[in-house]
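Keep in mind it's a predicted model, so treat the numbers as computed, not measured. Proteins come first, then strands; the chains are lettered A, B, ... in the order of their sequence lines, and each starts at number 1.
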Number of protein chains: 2
Amino acid sequence: MRQAKPGRTDRQLSPEKTAAILEGGMQEFLTHGYAATSMDRVAIAAKVSKATVYSHFQDKESLFIALIQRLVEQRFQSIFGTADEQILQMPPQVVLRNFANRALDIGTTEPQFLNFMRLILGESGRFPQLARAFVRNIEQTAFRRLCHYFTHCPQLKLSDPEATARIFVGAVVHFMIVQEMLHGKDILPMERDRIVDSLIDLIVEPPLTDKFDTGCNTVSGG
Amino acid sequence: MRQAKPGRTDRQLSPEKTAAILEGGMQEFLTHGYAATSMDRVAIAAKVSKATVYSHFQDKESLFIALIQRLVEQRFQSIFGTADEQILQMPPQVVLRNFANRALDIGTTEPQFLNFMRLILGESGRFPQLARAFVRNIEQTAFRRLCHYFTHCPQLKLSDPEATARIFVGAVVHFMIVQEMLHGKDILPMERDRIVDSLIDLIVEPPLTDKFDTGCNTVSGG
DNA sequence: GTCTATACGGCGATAGAC
DNA sequence: GTCTATCGCCGTATAGAC
């Protein structure tokens with residue numbers, strides 16, 4: 001509990017070995033979970049001796065915390081892409097679809113991210129500080145970016161942009177959790193476009209527009 | 001792997017001890033997770049000897065599977081309440097609010113359910129059959145009940161009730177995951193009513209109604 | 001600073017008494 | 001059928017050689 005990161009132990013530790021240990025530990029923790037990961041396999045995966053692992057990190061828990069913190073703050077923080085300054089000129093349907101598809105792509109193309117979320121969720125009771133770091137760096141990033149867009153997009157007049165952003169992210173993330181993480185696509189198949197289309201319809205389009213033309217809708221056509 | 005449930009071993013096993021082992025195992029697995037749970041503590045929690053545990057269940061994995069299956073199929077299956085036949089006469093706002101509040105109450109009043117979900121999510125990679133059982137018995141139940149309502153409620157004309165049901169459940173469950181399971185309420189406080197209100201607004205109310213009266217909306221007022 | 005070798009306890013699973 | 005006692009293994013963490 002004295003230290004979570006190296007550099008302040010006694011002498012000078014090799015940064016390359018530190019990186020190797022973090023990399024090896026990531027493989028093991030993401031694959032087997034926290035409790036089922038042994039420091040022996042971490043050392044083997046990092047190609048160092050077990051004593052070297054313990055000279056860089058005080059114990060298993062310190063290594064795990066340092067590792068997850070790094071994943072949360074660096075590796076998986078930018079999953080929602082960089083802020084695009086031109087999105088305000090694009091149609092909201094396109095912006096929201098891109099946002100949802102980028103998030104959903106991660107669940108289908110990056111199995112490591114699924115294991116990362118499994119670890120965060122599964123250990124959120126025993127490592128609440130890691131869960132909070134995840135919320136701050138991943139969830140809040142998505143909320144804020146989307147909420148900023150909802151607030152500044154001239155076509156959208158939402159009564160509660162903040163809550164709407166949470167609804168959007170929640171629907172998308174939960175879909176990913178059920179379909180990919182919990183293997184729901186095997187038993188409850190559902191095309192992602194139906195979720196995204198319905199979400200966009202609920203948030204962007206007036207619900208009567210495509211059913212019959214009332215002749216008084218000032219938004220469509222112009 | 002030969003057997004997951006007792007009763008077919010060799011002779012006659014005590015059903016009370018079986019129940020005690022399942023109960024003790026539930027406490028241990030829900031508290032410490034799968035890998036960190038020892039069969040010794042399961043035996044102590046069940047107040048039997050370890051050999052008795054192994055006479056009722058072949059190994060740790062069989063006990064875990066039998067236990068989670070039972071939780072999925074019995075203990076936590078009815079969290080969305082029994083079907084109310086009178087809901088079609090109630091206003092959709094009330095029905096949806098009750099549905100959401102009932103689900104969100106579980107996250108705040110039943111910490112065991114949070115640990116149960118942590119276990120399912122965290123072990124979904126190593127025990128995919130348990131994740132699928134969770135989807136079939138919990139998620140699908142919520143989807144179906146809500147989808148049935150969306151389809152039969154005369155006030156609601158949704159283009160894709162099935163996708164809308166997933167969005168509704170997803171937004172609610174994800175809110176519970178972030179706020180309660182991941183301790184997000186400590187750092188991203190948000191009243192649940194804002195989520196529920198916004199969801200109801202998006203699904204039930206025509207978005208233009210309360211902003212300005214266009215005079216050509218044939219739904220509101222009659 | 002990094003390695004090999006080891007201490008020591010807890011783990012899952014089993015044998016044998018009754 | 002349930003218990004006590006035990007096996008063999010692997011866990012974390014450390015000591016001492018270089």
Side-chain angles (χ1 to χ4, degrees), chain A residues 1-29 31-68 123 126-127, chain B residues 1-29 31-68 123 126-127:
Chain A
M1 285 291 186
R2 238 175 306 160
Q3 57 186 13
K5 284 194 174 185
R8 268 267 175 260
T9 46
D10 286 322
R11 307 190 184 176
Q12 203 170 0
L13 297 176
S14 154
E16 300 127 358
K17 304 238 168 184
T18 303
I21 294 167
L22 287 169
E23 192 67 25
M26 185 183 73
Q27 298 294 338
E28 294 300 316
F29 281 123
T31 305
H32 303 100
Y34 176 74
T37 288
S38 76
M39 296 295 263
D40 290 77
R41 280 201 301 267
V42 170
I44 294 173
K47 290 172 184 164
V48 297
S49 75
K50 197 160 57 167
T52 301
V53 176
Y54 278 97
S55 73
H56 285 246
F57 298 93
Q58 196 185 357
D59 53 17
K60 184 182 179 181
E61 188 174 315
S62 297
L63 171 60
F64 182 67
I65 292 174
L67 177 57
I68 298 294
E123 299 298 333
R126 285 171 288 274
F127 294 94
Chain B
M1 286 290 188
R2 240 175 304 162
Q3 58 186 13
K5 285 194 174 185
R8 268 268 175 260
T9 46
D10 285 321
R11 307 193 184 175
Q12 204 170 1
L13 297 176
S14 153
E16 300 128 0
K17 303 234 170 185
T18 303
I21 294 167
L22 287 170
E23 193 67 25
M26 186 183 73
Q27 298 293 339
E28 294 299 316
F29 280 122
T31 305
H32 303 100
Y34 175 75
T37 288
S38 77
M39 296 295 263
D40 291 76
R41 280 201 301 266
V42 170
I44 294 172
K47 289 172 184 164
V48 298
S49 76
K50 195 160 60 165
T52 301
V53 175
Y54 277 97
S55 73
H56 285 246
F57 298 93
Q58 196 185 356
D59 53 18
K60 184 182 178 181
E61 188 174 315
S62 297
L63 170 61
F64 181 67
I65 292 174
L67 177 58
I68 298 295
E123 299 297 334
R126 287 172 287 275
F127 294 95

Nucleotides 3-18 of chain C: protein proximity per nucleotide (B base, S sugar-phosphate only, - neither; heavy atom, under 4.0 Å): BB------SBBBB---
Sequence-distant partners of Ser49(A), side chain to side chain donor-acceptor pair (under 3.5 Å), two or more places apart: Thr52(A)
Interatomic distance where CD belongs to Glu16(B) and P belongs to dG1(D) [whole Å]: 14 Å
- request: Mind checking side chain to side chain donor-acceptor pair (under 3.5 Å) for Ser38(B) and listing every partner two or more places apart, or none if nothing turns up?
  value: none
query: Taking only residues two or more places apart in sequence or in another chain, which ones pass side chain to side chain contact (heavy atoms under 4.5 Å, CB included) with Tyr54(B)?
result: Met39(B), Lys50(B)
- request: Could you list the residues that satisfy side chain to side chain donor-acceptor pair (under 3.5 Å) with Glu28(A), not counting sequence neighbours?
  value: His32(A), Arg41(A)
message: Can you see if the side chain of His56(B) gets near the phosphate of dT2(D) - specifically, an N or O under 4.0 Å from OP1 or OP2?
response: yes
- request: Using the test side chain to side chain donor-acceptor pair (under 3.5 Å), find all partners of Thr37(A) that sit at least two apart in sequence or belong to another chain.
  value: none
